[in-house]
Amino acid sequence: MLRDADLAASGSSPSASHLISLLNPHPQGVAQANFLFESSFLEYLSDADMQWSVGPVASEGTQTESIQQLIARVTRQPSSRSYALSVRSTSPSPAPAHLSSLSLPTGLAKQPDPLIAYFPSTEQRHLFRHFLNETAPALVVIPIPQDRNPWLVHTIRLALGQPYGQDVFHDAFRTALISLASLDVGMKSSTSLQQPSDNAMYELSYDQRSTALELLNIGEAMNGGNAGLDAVDLTLAAVVALAFRDRLAGCQSWEEPITLGVKSVSAQGGPAAYIARHSTLQTRFLIEQMACVELLGCMTNYVAPKIFSWDNPWLHRRISGEDLLQGSEEGDSTDHLALVYGWDRLALQCCARSMVLNDEYQQVGLLKERNSRYGYAAVTSMTYQREVSMLARGKKLVEEAQALRSQPTPSSTSVRVSRGNSSLLICLEVTILCSHLRQDLNHKDIQTKVEMVLDILDKSMGEGMFAGFLLPLVWIAVCADLDHKERVNSLFSRLQQHYHLEPALMNRLVEFQWGELATASLEIWLDEMRKTKTYVPIF
């Protein structure tokens with residue numbers, strides 16, 4: 001069964017001996033399992049047969065090896081396969097007699113697999129290559145060549161930094177990546193299974209997720225919150241991979257890894273301080289992806305983000321050698337936020353500001369409710385002043401969103417980003433106008449904005465653009481009046497056929513009665529999502 005949706009997180013803490021045992025790189029059970037797996041498939045045998053050297057992949061090539069050359073080297077399978085068996089002495093059992101007599105055909109040599117030092121079993125290496133070749137391309141909304149995919153450009157050296165069993169943070173990151181890959185394999189096979197709920201790859205992905213989280217907790221306990229910069233990068237990389245995995249799987253405990261990532265950023269003094277101390281493109285990618293996965297979570301449970309704030313100068317500041325921000329000649333083709341989310345940085349900041357403002361409204365409303373029992377004049381005066389301030393900020397934020405939408409589109413901006421920005425900003429306008437500025441949801445101006453978003457989505461899907469458009473569709477489904485419901489349902493059906501999401505989760509999201517939440521309280525909203533197992537970040 002798909003445990004992400006059906007199992008609650010365990011409330012018990014693992015013993016110290018159990019946690020430490022996870023660091024043992026060659027437990028006997030793993031060796032036995034690997035022997036059985038490898039001896040079952042002849043074409044896999046050569047990966048386990050030979051004693052490969054152990055050393056960082058990044059240092060195996062020349063000192064000038066580019067990231068593109070490294071990607072090409074590790075994404076391909078070794079060029080030839082032997083059918084020889086010379087099983088290493090990692091198992092207490094000898095090789096089966098019918099295999100031990102096999103010999104290497106003349107002239108056929110097996111090239112060393114550069115991944116064997118990092119992924120000890122054949123299935124892990126296949127899963128990692130699946131991530132590189134199949135999963136990573138699905139994590140961007142704008143198609144891009146493999147050697148320019150930010151998921152590979154900014155993480156592949158990180159994943160292959162130290163061999164298996166030598167560093168808990170490297171092992172945690174690699175395990176998180178293959179957890180995401182296992183889920184992807186399961187998603188792609190689920191429609192062909194008679195019982196998709198018994199998908200073994202979902203179970204494997206969940207187990208790998210649990211292991212990755214355990215390893216991250218070991219690392220945190222080991223460092224006492226004083227992790228080095230490389231360990232922080234690896235922690236954020238693992239958390240981001242798990243956050244993407246949880247969102248795609250519909251994991252109801254998706255907050256767990258994100259909490260670890262936010263804690264790591266806070267321990268470094270926040271995003272600006274961390275980037276200042278570790279000013280690399282890799283760190284920039286990881287901190288911004290971490291901020292975005294947290295923001296999507298905040299849009300689910302309606303709280304303020306801890307990484308993003310009202311003003312985010314670090315989001316717009318260049319670092320040495322960077323061409324990833326707006327203003328570069330290549331524009332969206334190099335900005336990893338545009339590639340992954342289909343938004344530019346100003347639209348993203350506007351979204352973060354709306355969540356900060358929304359959280360302040362929630363806090364002031366709670367304070368007013370509590371004070372209503374006592375009637376303290378000072379509290380009443382303070383909440384009134386804050387409401388006046390929030391009203392002014394809300395109006396200014398709507399004007400900011402409208403100004404961003406009305407700006408001429410730079411020639412370097414892709415159609416996908418232009419439409420992503422517009423749909424996001426209109427949704428923000430509708431939310432602020434209705435939730436904070438007291439406009440009626442059924443007002444003509446509001447429904448005109450609803451129709452604008454539906455037009456954007458309709459046109460985009462007609463041109464084959466689907467990734468990243470579930471969020472504005474769900475957002476606008478809450479706000480649409482009865483006249484627009486049929487069109488909303490039609491767009492859900494079209495999106496369902498092409499969206500990269502766990503199929504059962506997609507069905508639940510499509511069937512959810514979003515319109516009924518338009519006037520519901522936040523408590524009712526969240527409770528209904530948890531009951532229907534749709535409590536998950538949506539993108």
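These numbers were taken from a predicted model, which means no experiment stands behind them. One-based numbering along the sequence shown. Any value given below was found using the heavy atoms of this structure, including those in side chains, with hydrogens, waters and symmetry copies removed.
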Legend entry - Side-chain ion pair, Arg129 and Glu134, N-O less than 4.0 Å: no
Legend entry - Val232 side chain near Leu286 side chain, heavy-atom distance below 4.5 Å: no
Inset, instruction - Kindly say whether Asn442 contributes a backbone atom to a donor-acceptor pair with the side chain of Asp481 at under 3.5 angstrom? - result: no
Inset, instruction - Flag the pair Ile446 / Asp440 as yes when at least one side-chain heavy-atom distance between them is below 4.5 Å, and no otherwise. - result: no
Inset, instruction - For the pair Glu399 and Lys396, find out whether any cationic side-chain nitrogen is under 4.0 Å from an anionic carboxylate oxygen. - result: no
Legend entry - Row check, Trp525 ring normal vs Arg530 NZ/CZ: under 6.0 Å, within 45°: no
Inset, instruction - Please determine if Asp455 and Arg487 form a salt bridge, counting it only when a charged side-chain N lies under 4.0 Å from a carboxylate O. - result: yes
Inset, instruction - Rounded to the nearest 0.5 Å, what's the gap from CZ on Arg386 to NZ on Lys368? Could you check? - result: 11.5 Å
Legend entry - Test item: Ser179 side-chain N/O and Ser205 main-chain N/O as donor-acceptor pair under 3.5 Å: yes
Inset, instruction - Give a yes or no on whether a salt bridge exists between Lys449 and Asp445, defined as a side-chain N under 4.0 angstrom from a carboxylate O. - result: no
Inset, instruction - Might you work through the ring-ring contact (aromatic ring centres under 6.0 Å, His included) test for Tyr499 and Phe469, ending with a clear yes or no? - result: CA-CA 9 Å; Tyr499 217 69; Phe469 282 129; 8.9 Å; no
Inset, instruction - Salt-bridge test for Arg245 and Asp184: reply yes if a basic N is under 4.0 Å from a carboxylate O, no otherwise. - result: no
Legend entry - Backbone N/O of Tyr302 and side chain of Gln362: donor-acceptor pair under 3.5 Å: no
Inset, instruction - Give a yes or no on whether Gln407 atom CD has more than 12 heavy-atom contacts from other residues, nucleotides or ligands under 6.0 Å away. - result: yes
Inset, instruction - Using the test ring pair (Phe, Tyr, Trp, His ring centres under 6.0 Å), find all partners of Tyr535 that sit at least two apart in sequence or belong to another chain. - result: Trp254
Inset, instruction - State plainly whether the residues Arg416 and Glu463 are in salt-bridge range, i.e. N to O under 4.0 Å. - result: no
